[in-house]
Amino acid sequence: MANIPDKPSLDGIETRWMQQWEADGTYRFDRSASRDEVFAIDTPPPTVSGSLHIGHVFSYTHTDTVARFQRMRGKQVFYPIGWDDNGLATERRVQNVTGVRCDPSLPFDPAFSAPFHGDVPKDHRAVPVSRPNFVELCREITHLDEQVFEHIIQLLGLSVDWTLLYTTIGERARRVSQRGFLRNLARGEAYQQDAPTLYDIDERTAVAQAEMEDRDVPGAYHQVAFHRFDGQGDLVIDTTRPELLASCVAMVAHPDDPRFQPFFGTTVRTPLFEVEVPVLAHHLADPEKGTGIAMICTFGDVTDVTWWRELNLPSRALIGFDGRFASDTPEWITTAAGSEAYAQIAGMAPKQAQRKVVELLQTSGEMLGDARPISHPVKFYERGTRPLEIVATRQWYIRNGGRDTELRDRLIARGREVTWHPSYMEHRYDNWVGGLNGDWLVSRQRFFGVPVPLWYRLDADGNPRYDDVLVPDEALLPVDPSTDCPVGFTNDQRGVPGGFIGDPDVMDTWATSSLTPQIASAWEEHDSLFDQVFPMDMRPQGHDIIRTWLFATMVRSHHEHGCPPWKNAALSGWILDPDRKKMSKSKGNVVTPIDLLEKYGTDAIRYWAASGRPGVDTALDEGQMKVGRKLATKLLNATKFVLSFGEPPAGASATEAIDVAMLARLAHTVDEATVAFEGFDYARALEQIEAFFWWFCDDYVELVKGRAYSGHGPEAAASALAALREALHTIHRLLAPFLPFVTDEVWNWWQTGSVHTQTWPQGHRSGDASMLDPTSEVVGAIRRAKTEAKASQKAAVSTAVITGPADLLALVRLAEGDLGDAGSVAEFQWVEGGELGCTVVLAPVEQAG
RNA sequence: GGGCGUGUAGCUCAGUUGGUUAGAGCGCCACCAUGACACGGUGGAGGUCCCGGGUUCGAGUCCCGUCACGCCCACCA
């Protein structure tokens, strides 16, 4: 035991073991394993444009404990890691740290270098750069971010196989993503449509339903009068968006509403703009809302879109991609007064336009009373700052059941094929799928992403024929249609009549990350890895992205493979700050893990993380981290102590009753932990293991150490030594998934190889543990007596009188010798009757001098 | 408005098909230099299990209802 330090310490063990594991390839995936020997994990690729915060540490630790358990159970664990680096989040970060913005109309500038790297002055106006320059900058910045991430993931002790690293903007990801899309297209699951689309006017891109959120914002009801042509008065509406009056195409009320039934089929004149619009009936109009009659604009909200579609109304959209009102007076405004009114809002943003329209309405007397302020929910892009507008655009969609009940039902049924941990998370999936109101919009008018791999033929006038899609051969993927040519064309035909044009869009970041199982496993990449690992065993992720990542992955797998992409979905909760508020960047309460890792050590942080139940939001609790550190320290000291007794003689085994009982209890603990882990409940496994370990240290070791010192002869000592070592051997392995650093440290004091490649301990041991509880109770009673007498625990007891039922006394007597040692008891008296108890007579303290 | 979850000691949380006196850790209080650990150990105090009904021999646990909090969805005229 020459390896055991005099003063064991946790300092520096992270670096040492990180390097050792990497050098030994401890977590390398075995490509020769068959599918049934594999446990495959669809690791979430963290978004590198954000910071890795304590929430990542939390959920990644959960997965890692399961991975380590499965590895020790004999599985070949496929545990890749990837970086999610494409998408708008990265673009924003790049804009913020380099002071540029992408202008796709500019040509590539080979000599370009970014004006800043990190500290962009507040008054700096972003420098426009070409798309290729911008993408290059994105790659540079993400590469730097990824190095930081790699360091933290390693420091966390995640047992990922670094040779499996992928990025979502990397070549393979682009190829897999484009291949997946083209297959969807070929099967009719992807289609394009020119339709009103929710659109972020700041980012200038369409947005999918899954990326939207409602925010309560201040608004105001404005009562506005529409004039009847019979001169018999007005129809009055309440609107929060008076600025859209110029886009009004109709008025609508409920068909059963007697107040408005007389007007259905008639027309009215819009205020200010003097456009004649019909009064129509539709069941979605709510008699309770506002005045009971509404104006339909193209487009103020999604109900407008429904009305527009179902009532076959004309499109009079005025707000363009730049979020401003068209600068020319539209043709449907025909009167001089109407044109004059429009001229005053032309080119304005919606807010400005609203002020102007209200002013005009007040002047003309067509607004009744003052605006009544309200707070109402408005749709925003989740990363956006201004409300979404609805703009008619051509976009690509993937069918996800949002417009097809049969597909929706099939996807919900797919959800049932997955085992959810915890099980109630499945409701969130069902809810989301059941509530979809459209297909998945996958095209984005952005730059740093996987390009939509398509071109369109141009007609004789040079106009794109979107129905004439030119598709690349899969063997040529990945393609960038802005620089690559479709087969049969040359680059000089780009943009010229009779030639072609590339699709300018990239795909939604989820359109790529929905294929993480396929990317990580090199699907269709001339590699058998996919067959070895797909469908995967486990998808770990946060419950907040069930609607996006989980659902999108399910959709792609359902279309492509006809099965769910994994067998289990393990949902992690969030980290709340100590005041139980959700951590988020905007609240400024995000805790970065690096300081905590340094302060308490990785194992301690992992202990805290693993104490959080699956799916449950958990408060950041430094107290738990202290406990974790205490546990790791205890393992060092307890191991040192047990090993210090030396090796038992060859062939020795546990023979004394309490030694056998302890091993029986340990076997039971192993069984409990194993069952919990198999159900992905790492927290329960830890709880069981930890409880055993503390009992082992506090009671068992205290009881038998006298015997282990040979106080009762060699045979009794041999039994204790054998039991102690067997228990230690098991404890080290049980704690290994949670405390990977300290367990490998102590393991290597007396064993060879990494504890992480050992076999998970066996339970199912015969033996009776029933003597342990009453024995602990007597130990406690003796200790209590000494504490109450303010005596040292070492104080000598002349007589201990133990009372209780005969069966319990018999059990406790099995440990009489050990009890005598541990309690320094000279003589025991055993008295049958009453409850189990113990009274103690302390020996007189010898007078000093 | 629909769905889901949570509510147990000052704090963070366990409590498995209902079963003696409801548990752990932290914190708090008191004590202890005992052959691994003072970054330690021992003991103690501390609870109307949100509230109200019901089922049952028996309810923290099951059922109904209420309240509070959190999340998801819907609600934009």
Side-chain angles (χ1 to χ4, degrees), chain A residues 4 6-10 213-214 216-217 219 221-222 224 237-241 244 251-253 284-286 289-297 300-304 307 374 376-379 387 422 424-432 434-437 543-544 546-547 573-574 576 578 580-582 608 611-613 615-624 626-627 629-645 672 675-676 683-684 687 690-691 694 697-698 701-702 705-706 709 779-795 822 824:
Chain A
I4 306 178
D6 283 343
K7 213 51 178 151
S9 163
L10 298 171
E213 62 186 25
D214 287 350
D216 270 314
V217 296
Y221 275 122
H222 302 76
V224 179
I237 58 148
D238 256 327
T239 179
T240 55
R241 299 205 62 183
L244 291 179
M251 298 188 79
V252 66
L284 279 183
D286 182 354
K289 229 175 227 178
T291 58
I293 187 165
M295 68 168 174
I296 303 175
C297 304
D301 62 34
V302 289
T303 316
D304 280 340
W307 281 325
I374 53 158
H376 64 155
V378 175
K379 281 198 192 310
Y424 60 76
M425 289 293 180
E426 185 175 358
H427 296 301
R428 301 196 180 192
Y429 175 86
D430 292 346
N431 266 359
W432 174 255
L436 288 167
N437 54 31
H543 59 65
D544 51 329
I546 289 174
R547 66 175 184 167
W574 280 324
L576 310 174
R580 300 206 64 78
K581 299 262 167 30
K582 184 192 170 187
W608 158 76
S611 308
R613 290 348 247 199
V616 177
D617 296 346
T618 301
L620 182 69
D621 184 359
E622 291 200 37
Q624 278 294 96
K626 285 181 192 158
V627 175
R629 184 162 181 96
K630 201 172 125 172
L631 177 65
T633 305
K634 192 73 173 179
L635 187 63
L636 289 176
N637 289 313
T639 300
K640 182 184 167 207
F641 189 46
V642 167
L643 295 178
S644 73
F645 295 118
E672 295 268 315
V675 168
R684 184 171 172 76
E687 188 183 43
E690 191 197 7
W694 283 110
C697 292
D698 293 345
V701 173
E702 288 299 322
K705 69 183 183 187
Y709 280 124
V779 169
I782 296 171
R783 286 171 175 163
R784 194 175 307 122
K786 294 181 181 180
T787 299
E788 278 166 8
K790 304 201 172 187
S792 158
Q793 287 300 322
K794 206 190 174 183
S824 308

### Query
Once you round it to whole Å, what is the distance between P of B/C73 and CD1 of A/I546?
11 Å
### Message
Can you check the distance between B/G44 and B/C50, where both ends of the measurement are the P atom (answer in whole Å)?
### Response
26 Å
### Message
Output the rounded distance in Å from NZ (A/K705) to P (B/G35).
### Response
8 Å
### Query
How many Å lie between CE on A/M425 and P on B/C4, as a whole number?
14 Å
### Message
Say we look at B/G18 and B/C13: how far apart would their C1' atoms be, to the nearest angstrom?
### Response
22 Å
## Note on the structure
What one should report as the nearest heavy-atom pair of A/D617 and A/G573 is OD1-CA, 3.4 Å
### Task
Determine the Euclidean distance between corresponding P atoms of B/G58 and B/U42; express it in Å to zero decimal places.
41 Å
### Task
Quote, to the nearest angstrom, the C1' distance that separates B/U55 from B/G65.
15 Å
### Query
So which nucleotide from B/A36, B/C76, B/A38 ends up closest to the side chain of A/A638?
B/A36
### Message
Suppose we call a contact any N or O donor and acceptor under 3.5 Å apart; does that hold for the side chain of A/D617 and the base of B/C71?
### Response
no
## Note on the structure
note: A/D621, atom CG; B/C26, atom P; distance rounded to Å ~ 11 Å
### Query
Under 3.5 Å, is there an N or O donor on one side and an acceptor on the other linking the side chain of A/R684 and the base of B/U16?
yes
### Task
Please report, rounded to the nearest Å, how far the C1' atom of B/G41 is from the CZ atom of A/R783.
9 Å
### Query
Looking across every strand, which nucleic acid part, if any, lies under 4.0 Å from A/K379 by heavy atom: base, sugar-phosphate, or nothing?
base
### Query
Whole Å only: how far is the CG atom of A/L436 from the P atom of B/G3?
19 Å
### Message
Just N and O in the side chain of A/K794: are any of them under 4.0 Å from OP1 or OP2 of B/C31?
### Response
no
### Task
Look through every strand shown and name the nucleotide pairing with B/G44 as Watson-Crick or G-U wobble, where both distances are under 3.5 Å.
B/C28
### Query
Which value, in whole Å, describes the distance between the P atoms of nucleotides B/G23 and B/C28?
24 Å
### Query
Is the shortest side-chain N to carboxylate O distance from A/E690 to A/K634 below 4.0 Å?
no
### Query
Are A/Y221 and A/T240 close enough that some pair of their side-chain heavy atoms sits under 4.5 Å apart?
yes
### Query
Okay, side chain of A/K705, backbone of A/V642: is any donor-acceptor separation there less than 3.5 Å?
no
#### Entry: Minimal non-hydrogen separation, A/K640 against A/I4, with atom names
CG-CG2, 3.5 Å
### Query
Going by the angle between their ring planes, with limits at 30° and 60°, are A/W574 and A/H543 parallel, tilted or perpendicular?
tilted
### Task
Could you give the distance separating B/C72 and B/C11 at their P atoms, to the nearest angstrom?
26 Å
### Query
Is any side-chain nitrogen or oxygen of A/R547 closer than 4.0 Å to OP1 or OP2 of B/C72?
no
### Inter-nucleotide C1' distance (B/A9, B/G27), Å rounded
11 Å
### Query
Looking at B/C72, B/U42, B/U34, which one has an atom nearest to any side-chain atom of A/N431?
B/C72
### Task
Have a look at A/A285 and say if it touches a base, only the backbone sugar-phosphate, or nothing, with a 4.0 Å heavy-atom cut-off.
base
### Selection from B/C76, B/C39, B/C13 that lies nearest to any side-chain heavy atom of A/R629
B/C39
### Summary
Using Watson-Crick geometry (N1-N3 plus N6-O4 or O6-N4) or G-U wobble (N1-O2, O6-N3), each under 3.5 Å, B/U34 is paired with none
### Message
Looking at A/Q793, is its backbone amide N or carbonyl O close enough to the side chain of A/K786 to form a donor-acceptor pair, meaning the two atoms are under 3.5 Å apart?
### Response
yes
### Message
I need the A/K7 NZ to A/L636 CG distance, nearest 0.5 Å.
### Response
11.0 Å
### Query
Which listed nucleotide (B/A36, B/C13, B/G44) is nearest to the side chain of A/N637?
B/A36
### Message
In this structure, how many angstroms lie between the C1' atom of B/C13 and the CD atom of A/E622, rounded?
### Response
18 Å
### Query
Reckon A/D430 touches a base, only the sugar-phosphate, or nothing at all at heavy-atom distances under 4.0 Å?
nothing
### Task
Among B/C71, B/G43, B/G5, find the nucleotide with the atom closest to the side chain of A/Y424.
B/G5
### Query
Contact class for A/D698 vs. all strands (heavy atom < 4.0 Å): base, sugar-phosphate, or nothing?
sugar-phosphate
### Task
Have a look at A/W694 and say if it touches a base, only the backbone sugar-phosphate, or nothing, with a 4.0 Å heavy-atom cut-off.
sugar-phosphate
### Task
Find the partner of B/G70: check Watson-Crick (N1-N3 plus N6-O4 or O6-N4) and G-U wobble (N1-O2, O6-N3) distances, both under 3.5 Å, and reply none if neither fits.
B/C4
### Task
Find the distance A/Y429:OH to B/G5:C1' and express it as a whole number of Å.
21 Å
#### Entry: P-based separation of B/C64 from B/C69 [nearest Å]
23 Å
### Task
Identify whether any heavy atom of A/E702 sits under 4.0 Å from a base atom; if not, whether one sits that close to sugar-phosphate; answer base, sugar-phosphate or nothing.
base
### Query
Would you say A/Y709 stacks on B/G35, if stacking means ring centres under 5.5 Å apart and planes within less than 30 degrees?
yes
### Message
For B/C26 and A/K630 - does any side-chain N or O of the residue sit under 4.0 Å from the phosphate oxygens OP1/OP2?
### Response
yes
### Task
First locate atom CD1 of A/I237, then atom CD1 of A/I293, and finally report the distance between them rounded to the nearest 0.5 Å.
9.0 Å
### Nucleotide of B/C31, B/C39, B/C4 approaching A/K790 most closely (side-chain heavy atoms)
B/C31
### Query
The side chain of A/W432 lies closest to which of these nucleotides: B/C32, B/C73, B/A36?
B/C73
### Message
Please name the nucleotide paired to B/U20 by Watson-Crick or G-U wobble geometry with both distances under 3.5 Å, or report none.
### Response
none
### Task
Both distances under 3.5 Å, Watson-Crick or G-U wobble: report the partner of B/G58, or none.
none
### Query
Nearest nucleotide by nearest heavy atom, which residue falls closer to the 5' end of RNA chain B, A/V627 or A/Q793?
A/V627
#### Entry: Side chain A/K634 and base B/C37 donor-acceptor under 3.5 Å
yes
### Query
Mapping A/R613 and A/F641 to their closest nucleotides on RNA chain B, which lands nearer the 5' end?
A/R613
